[in-house]
Each structure stands twice: as C-alpha cells, then as structure tokens.
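For reference, the structure discussed in these notes is given below.
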Amino acid sequence: MQGEGGSTADRKRSAADFALWKKAKDGEPSWESPWGPGRPGWHIECSAMSEAILGNHFDIHGGGLDLVFPHHENEIAQSESLHGCPMASYWMHNGLMQASGASGKVGGRPRGEDDGDAASIEAQTAAKISKSTGAEPFQQLLARHEPEAIRMLLLSTHYRSPIHFGEEPLAESARALEAFRRLFARSERISGTSFYGLPCRSRREGDAEIAAAGDEAAALRTRFLAAMDDDFNTAVAIASLFDYVRVVNKYIDQHQLEAKKPEAELATLAALMLTLRELTGVLGLFLKPPKADGGADEAIVAGLMELVIEIRANARKAKDFATADLVRDRLGSLSIVLEDRADGTGWSRKA
RNA sequence: GGCUCCGUAGCCAAGUGGCUAAGGCAGCGGAUUGCAAAUCCGCCAUCGUCGGUUCGACUCCGACCGGAGCCUCCA
C-alpha cells in the first residue's frame, strides 16, 4: 500500500495511516465523540454506506480512476479488516472526462479556485466537491446538449479511457443519433408502430426470438452481446448497432416495403426492430422519443407544413420545378429539410 | 522526480503476434432522384519515433518524444 505523504506524513505513525475521524472545522456539521466534535473521514463514509445498503460484500464497486489511491485502498483496508471478507468482487474504474481545450475533469471546480475556506463551500456544492481542477460543470453541458448525445459520446469509447468533452464531439454524437432516429421514423411510416413503444425484451426472450429477424441480424446481435460481455466494450457494441441499422435499411430497400407491404416481410421488419429495441435498450439509448421543440405552436407548424408540401407537390406534378425548388431552398434556410420519398414528402428540423 | 495509463486514417475511436486493422463524423465516386435529401454500393490507415526479441510485431521488451491520472487527511 502506498502512503499518503505531504505535510501530514510526519504526524502519522505509519505512512499508510489515514484519517478515520476528523475534527470539525468551524461551521461544519459535527457529532460528539470521545475525541470531541467531529465527523467521519471521507473513506469511512463510503465503507459505512456500502455496508448499510449493500452488505459486507457486494459485486461491483465503481469510481473514477483518480480514486484508486488513496480512497479505494483505504475503503478496502477499513471494510475488509472489519468484515473479514473481500469488499467487492470487481472494481471498475472509469477514465476521466476532460473538457476540450481545458485541463481537468468535467464537473470539477474551475481551475484556480481557492480551496478550503468557508466562502468557497457554496461554489463547491454547486459544482462537484473536489479539489481537482476542472472545467465547466456538467449541468452547463446538459443545458446545451441533449442528454442522449452525451450518453452516446460516453458510450463511444471504452469506459476506462479518458474522454474529451467539447462542442464538436458532442455535435458529432448528436449527428450519429440521427441515423438511428431516421430509421425509427422510416419503420414507423411502414408499420405504423412506434419504435419507442416497443418493449425492451430480456436477453433470454431475445435468444428465443432472434431467428425471426434473420441471420445477419442474429450475427450482429451476437457480436453486440459478446462485446458487452467483454468488459463492457460499448464502442464495439455501438459499431454493431450501426451495422444493424444498415441491415434494416437494406431490408426495407430490397423488399420495397415503402411501396408494398407484404405480410411476411412486415413480420421480419417487426422482428428486426424488436431486436434493435432490445439492444439499444441495453445501452439505455432511445428510451424516449426526442423532445419536440416547437412548443405550443407545434400543431400550427405541422399544419402549415402540410399545406406547403401539398402546394409544392402540385407544382412538381405540373413540372414547375423552379417553384418546388424555391420552396425547398427557402425552407432549408429556416432549418427545415424536405425529403421527397417514394411514398410522399416528409419534413424535419435540421439538428 | 516516483508510480500508472495512453499515442491507430483529416477528426473521434475499437482491436489483434501471422488471416480483409471494427464503427462513427468529414470527404470522394456510383446507384436512386426532375434536381436534391434520405437510403444503398464502393473508395479513403501499415498503427508516435528509434532500437531489440521473433520465422514473423501495429500487437512483446527498452529508450525517447507527446498527452492524461495519482503521489496534497478535497470529497
């Protein structure tokens, strides 16, 4: 075991000693004890909470890579000497998030902020209570980016790797999500069934019913599950999901499901989507439809769009492409994208 | 300074001692489209540098360069 050094090292009997109980500083919450008012040391808090809630031994203890020493080592020293058994079966340490262009952890306190005095306590509570220098608080990131994009970015690397947060990576993740959402919308137009309403079935149910989705889908599902079983290799799991989307799109293309709707092929499409629901559900992705951002005017906008599209359709029918393109271009500058598909014209807001 | 981890295409990011080095974003070509968009097909890397081990290394070892974390009774 490594010893905590620094200014306190000479006050310890052993370099590996650490504080179990700390004397209360002015203004801090405290409890009476044989040594005067004080509070539990940091490490004791976690040992006590995990014992109370999870018992003497539990499966997985997680935490950031920066907590391996001294915190987790000390937790183990305390809990295992008390309980006489391993504290946790697995310790999983995630890589830290770094803000692009800044050094430090996302969620940490801004660099240079003063430490330890009462004035900074509020600032600490507002962000993460941490001595580490940090970039912007996570909340600010959440305010600018949809949570799903952040989840996607997190999932795109191995959990043990450090990850850079920033506007560009987040925007890229958001773009990647759109490929999935376009497929959800496409499938819904064909089947009338919303992806978001599908049940997230269990792995066992999936095993039993995967055959209906075909060999390619089955192989990709196997790849996905094997990746997740291999220390949560979410990057590979997601890669197999992108391949899966391609398989479904190809299936729809090849069987022209948008034009005709044969029973058998529709059943296969349903099975394909059900498996996609199962797998994306494992990652916690696409659990809810994206928020419609139009507010109260959404119905009016939808009605207007229907009208504009109908007028444009008439222009196209009359081969008045100048008018049709004008409409599409002008809508484009309003961040509305028109798609002329075989089964009609659709519109969406640019991400 | 000590310990640990990392360095793969324009960007992000998996992975392996020898088999086509995943996937995403961007880009390019094609199919499709009135034109686009969407979708599909195809193209786009020799794996930080230098040595070593090996029949063979991007994958193992060493040095160096670059980045990150810890070594501060901050939780």
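What you are looking at is a predicted structure, and each value in this text was computed from that prediction instead of being measured. Heavy-atom basis, side chains included; hydrogens, waters and symmetry copies ignored. Quick note on labels: first sequence line is chain A, next is B, and so on, each numbered from 1.
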Interatomic distance, [X] [atom1] vs [N] [atom2] [rounded to whole Å]:
| X | N | atom1 | atom2 | answer |
| --- | --- | --- | --- | --- |
| A:Arg328 | B:rA38 | CZ | C1' | 12 Å |
| A:Phe242 | B:rU39 | CZ | P | 11 Å |
| A:Met97 | B:rG69 | CE | C1' | 14 Å |
| A:Trp42 | B:rC73 | CH2 | P | 11 Å |
| A:Ile309 | B:rA37 | CD1 | C1' | 13 Å |
| A:Lys319 | B:rU33 | NZ | P | 13 Å |
| A:Glu167 | B:rC12 | CD | C1' | 16 Å |
| A:Trp35 | B:rC73 | CH2 | C1' | 16 Å |

Is any side-chain nitrogen or oxygen of [X] closer than 4.0 Å to OP1 or OP2 of [N]?
| X | N | answer |
| --- | --- | --- |
| A:Ser161 | B:rA14 | yes |
| A:Arg246 | B:rC41 | yes |
| A:Arg39 | B:rA75 | yes |
| A:Arg341 | B:rU39 | no |
| A:Lys23 | B:rC73 | no |
| A:Arg189 | B:rU39 | no |
| A:Lys22 | B:rC74 | no |

Complementary nucleotide for [N] - Watson-Crick or wobble, under 3.5 Å:
| N | value |
| --- | --- |
| B:rC44 | none |
| B:rG1 | B:rC71 |
| B:rU39 | B:rA31 |
| B:rC19 | none |
| B:rC60 | B:rG52 |
| B:rG66 | B:rC6 |

NA contact type, [X], heavy-atom cut-off 4.0 Å: base, sugar-phosphate, or nothing?
| X | answer |
| --- | --- |
| A:Ala176 | sugar-phosphate |
| A:Leu67 | base |
| A:His71 | nothing |
| A:Asp325 | base |
| A:Glu168 | nothing |

Say we look at [N] and [M]: how far apart would their [atom1] atoms be, to the nearest angstrom?
| N | M | atom1 | answer |
| --- | --- | --- | --- |
| B:rU46 | B:rC5 | C1' | 24 Å |
| B:rG29 | B:rG48 | C1' | 33 Å |
| B:rG18 | B:rC64 | C1' | 29 Å |
| B:rC61 | B:rC19 | C1' | 25 Å |
| B:rC43 | B:rA9 | C1' | 13 Å |
| B:rU16 | B:rC25 | C1' | 25 Å |
| B:rC47 | B:rU8 | P | 11 Å |
| B:rC3 | B:rG62 | P | 12 Å |

Open item on the list: Need to verify one output field. Residue with the more 5' nearest nucleotide on RNA chain B, A:Val247 or A:Arg312?
Closed with: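 Final value for this comparison: A:Arg312.
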Task: Pairwise 5' ranking along RNA chain B for A:Glu172 and A:His158, keeping only the more 5' one - done: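 By nearest-heavy-atom nucleotide position, the 5'-most residue is A:His158.
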NZ/NE/NH1/NH2 to OD/OE distance under 4.0 Å, [X] and [Y]:
| X | Y | answer |
| --- | --- | --- |
| A:Arg221 | A:Glu209 | no |
| A:Glu258 | A:Arg186 | yes |
| A:Asp325 | A:Arg328 | yes |

Among [options], which is the nearest nucleotide to the side chain of [X]?
| X | options | value |
| --- | --- | --- |
| A:Asp253 | B:rC70, B:rA14, B:rU39 | B:rU39 |
| A:Val236 | B:rA22, B:rC70, B:rC35 | B:rA22 |
| A:Arg186 | B:rU39, B:rA22, B:rC70 | B:rU39 |

Task: B:rG15 base / A:Asn233 side chain donor-acceptor hit below 3.5 Å - done: no
Open item on the list: For a quick check, tell me whether the side chain of A:Arg175 and the base of B:rG24 share a donor-acceptor pair closer than 3.5 Å.
Closed with: no
Open item on the list: Within this structure, what is the CG-CD1 distance for the pair A:Asp343 and A:Ile190, rounded to the nearest 0.5 Å?
Closed with: 7.5 Å
Open item on the list: So, taking the atom named CD in A:Gln78 and the one named CD in A:Glu45, what distance separates them when rounded to the nearest 0.5 Å?
Closed with: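 Separation between the atoms: 10.0 Å.
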- [ ] Could you tell me whether the side-chain ring of A:Phe321 sits stacked on the base of B:rG34, using a centroid cut-off under 5.5 Å and a plane angle under 30°?
- [x] yes
Task: Under 3.5 Å donor-acceptor, A:Glu278 side chain and A:Arg201 backbone - done: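 No; zero donor-acceptor contacts below 3.5 Å.
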- [ ] Taking atom types as modelled, find out whether A:Glu167 and A:His145 have a side-chain donor-acceptor pair closer than 3.5 angstrom.
- [x] yes
TODO: State which residue, out of A:Arg316, A:Lys317, A:Arg312, fulfils the side chain to side chain contact (heavy atoms under 4.5 Å, CB included) condition with A:Asn314.
DONE: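 Result for side chain to side chain contact (heavy atoms under 4.5 Å, CB included) with A:Asn314: A:Lys317.
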TODO: Please test A:Leu170 against A:Phe165 for side chain to side chain contact (heavy atoms under 4.5 Å, CB included), starting from the C-alpha separation and ending with a verdict.
DONE: CA-CA 7 Å; A:Leu170 247 8; A:Phe165 262 73; 4.0 Å; yes
